[in-house]
Amino acid sequence: MTAQIPAHKKAKGLPRGNVRPAKDLCSDCGLCDTHFIHYVKEACAFLNQQFDQLETRVHGRQRDLDQEQEMYFGVHQKMVAARKTEPIEGAQWTGIVSSLACKMLEEKLVEGVVCVQNSPEDRFQPMPIIATTPAEILAARVNKPTLSPNLTILEQIEQGGFKKLLVIGVGCQIQALRAVQDKLGLEKLYVLGLPCVDNVTRAGLQKFLDTTSRSPETVVYYEFMQDFKVHFKHEDGSTETVPFFGLKTNQLKDVFAPSCMSCFDYTNGLADLVVGYMGAPFGWQWLVVRNETGQAMFDLIADQIETQSVDSKGDRRAAVQNSIPAYDKGVTLPMWAAKLMGVVIEKIGPKGLEYAKFSIDSHFTRNYLYTRRNYPEKLDAHVPAFAKKIVSQYKLPED
Ligand SMILES: Cc1cc2nc3c(=O)[nH]c(=O)nc-3n(C[C@H](O)[C@H](O)[C@H](O)COP(=O)(O)OP(=O)(O)OC[C@H]3O[C@@H](n4cnc5c(N)ncnc54)[C@H](O)[C@@H]3O)c2cc1C
């Protein structure tokens, strides 16, 4: 009897540069570069929103919309603020992600780690790989703040004989991964998720750097931080900060990828463990343990981190409501007003989990308006129930 060949093996990935099935909404997750394009209609986060089914499959249940914390941050068992006691030089924050990935490899829990290095010519050009040594993982530290086709490695999983794998990735990559996970021939998959918002193409990133930084060509790192400022680090080690409210949003309003303008998976709801910063005090990382697998991952890194409980201060609602029209239209304040507003909001504004909710509310309302305006026929099916409930707390402008 001959073994049945899975249907997807007969499919062929699209060459780079060809239009993808999701067209303008493609986030370049990489799925369509591989024969797993066979599943794109079900798997693509922008063609088929299926949070309820995937949350149930991965975590055993959907998020509870009657509990505010779950509605915002997804299914979880625990949230903490943490930082490495010995931070990794050159990591995005303190290097919890890279350290955990190295540990999982060293402990032989996995044979490979999907992560994103940069191309030899360009520090921000993403180059996804399956790392099989700690050195390769460490070479992937720090964000490449651009759309990254992480799932281009899917065919290499079988070719390389990988049975136990850790995948590090952002929401759109993880949604597609979860949809095809059973077809990958893996015995165990671990998913370490990063929160993600407002991503850009490599060209879009250049425009952002050119309009925002005093020295775009020397930027080695940047982050939108909890103090309402963008922090840039330069090659010479100097830091530059620009207040959020002073960003040239009139020039930048088309810079974000359409996929990111219509994304509602900011906090990576389908990962086992999420490592970001948005719910933590300034300088700390924010860890969300979603299920037992995530707890096992957390335990592995416990002796390398110090932790504190997450906190919440302030009330975001009026600030979100008042900024909806300006955010939607991309209004830019003069720099003196932006700095003043930054100082005031940092003193009295939302902190900890309330800051995370401020950011989620601001992005979800903006993205809801964007989707309603540009893809009205998709709006109802594409926006998940938790995002509809979050957006419904605000009064939105009529178009
Ligand atoms: C595009 C992007 C946007 C983000 N936005 C937010 C946000 O709004 N709020 C928040 O709380 N956190 C956000 N994060 C997560 C945060 O910036 C840190 O990456 C996270 O806290 C881990 O820090 P670290 O020092 O432990 O990571 P490191 O040890 O430096 O490791 C960074 C890891 O990121 C992976 N990576 C780099 N670029 C990409 C990419 N383009 N796609 C997928 N994986 C990548 C690398 O493989 C590496 O393993 C974002 C991350 C990315 C990549």
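As the structure lists them, so they are numbered: ligands from 1, and atoms in each ligand from 1. Just so it is clear, the values below take in all heavy atoms, side chains as well, and ignore hydrogens, waters and symmetry mates. The chain is numbered in sequence order, starting from 1.
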Considering only NZ, NE, NH1 and NH2 on the basic side and carboxylate oxygens on the acidic side, decide whether K388 and D380 come within less than 4.0 Å.
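Salt bridge flag = yes for D380 with K388.
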K248/D210 salt bridge by N-O under 4.0 Å criterion:
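Between K248 and D210 there is no salt bridge, as every charged N stays at least 4.0 Å from the carboxylate O atoms.
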Judged by modelled atom types alone, do Q226 and W284 share a side-chain donor-acceptor pair under 3.5 Å?
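No, no side-chain donor-acceptor pair sits under 3.5 Å.
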Just which atoms of ligand 1 are under 4.0 Å from any heavy atom in [X]?
X	result
Q173	42 (N), 43 (C)
E223	16 (C), 17 (O)
Q285	21 (O), 22 (C), 23 (O), 24 (P), 25 (O), 26 (O)
V142	28 (P), 30 (O), 31 (O), 32 (C), 37 (C)
Y266	7 (C), 8 (O)
C115	47 (O)
T146	41 (N)
A140	46 (C), 47 (O), 48 (C)

Heavy atoms only: which of S98, A280, A91 lies closest to atom 31 (O) of ligand 1?
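The nearest heavy atom belongs to S98.
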Please state which option from G279, G276, P195 has its nearest heavy atom closest to atom 50 (C) of ligand 1.
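Closest candidate by heavy-atom distance is P195.
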Give every residue pair that meets the side chain to side chain donor-acceptor pair (under 3.5 Å) criterion with at least one member in residues 265-282, sequence neighbours excluded.
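Sorted pair list: Q175-D265, R178-D272, Y266-S359, D272-N291.
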Check each heavy atom of Q117 against ligand 1 and say whether those closer than 4.0 Å belong to the side chain, the backbone, both or neither.
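Contact part for Q117 vs ligand 1: neither.
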Under 4.0 Å from ligand 1, counting heavy atoms only, is it the side chain of W286, its backbone, both or neither?
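Neither part.
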If you group Ile, Leu, Val, Met, Phe, Trp and Tyr whenever their side-chain heavy atoms sit less than 4.5 Å apart, what else falls in with L138?
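Hydrophobic cluster check, L138: joined to I88.
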is_close_aromatic(F358, F228), centroid dist under 6.0 Å
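Between F228 and F358, which both carry aromatic rings, the centre distance is below 6.0 Å.
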Quick check: F73 with W286 (ring centres under 6.0 Å apart)?
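Yes, they do, as the ring centres are separated by less than 6.0 Å.
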Transitive ILVMFWY side-chain link V110 to V97, under 4.5 Å
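Both belong to a single hydrophobic cluster.
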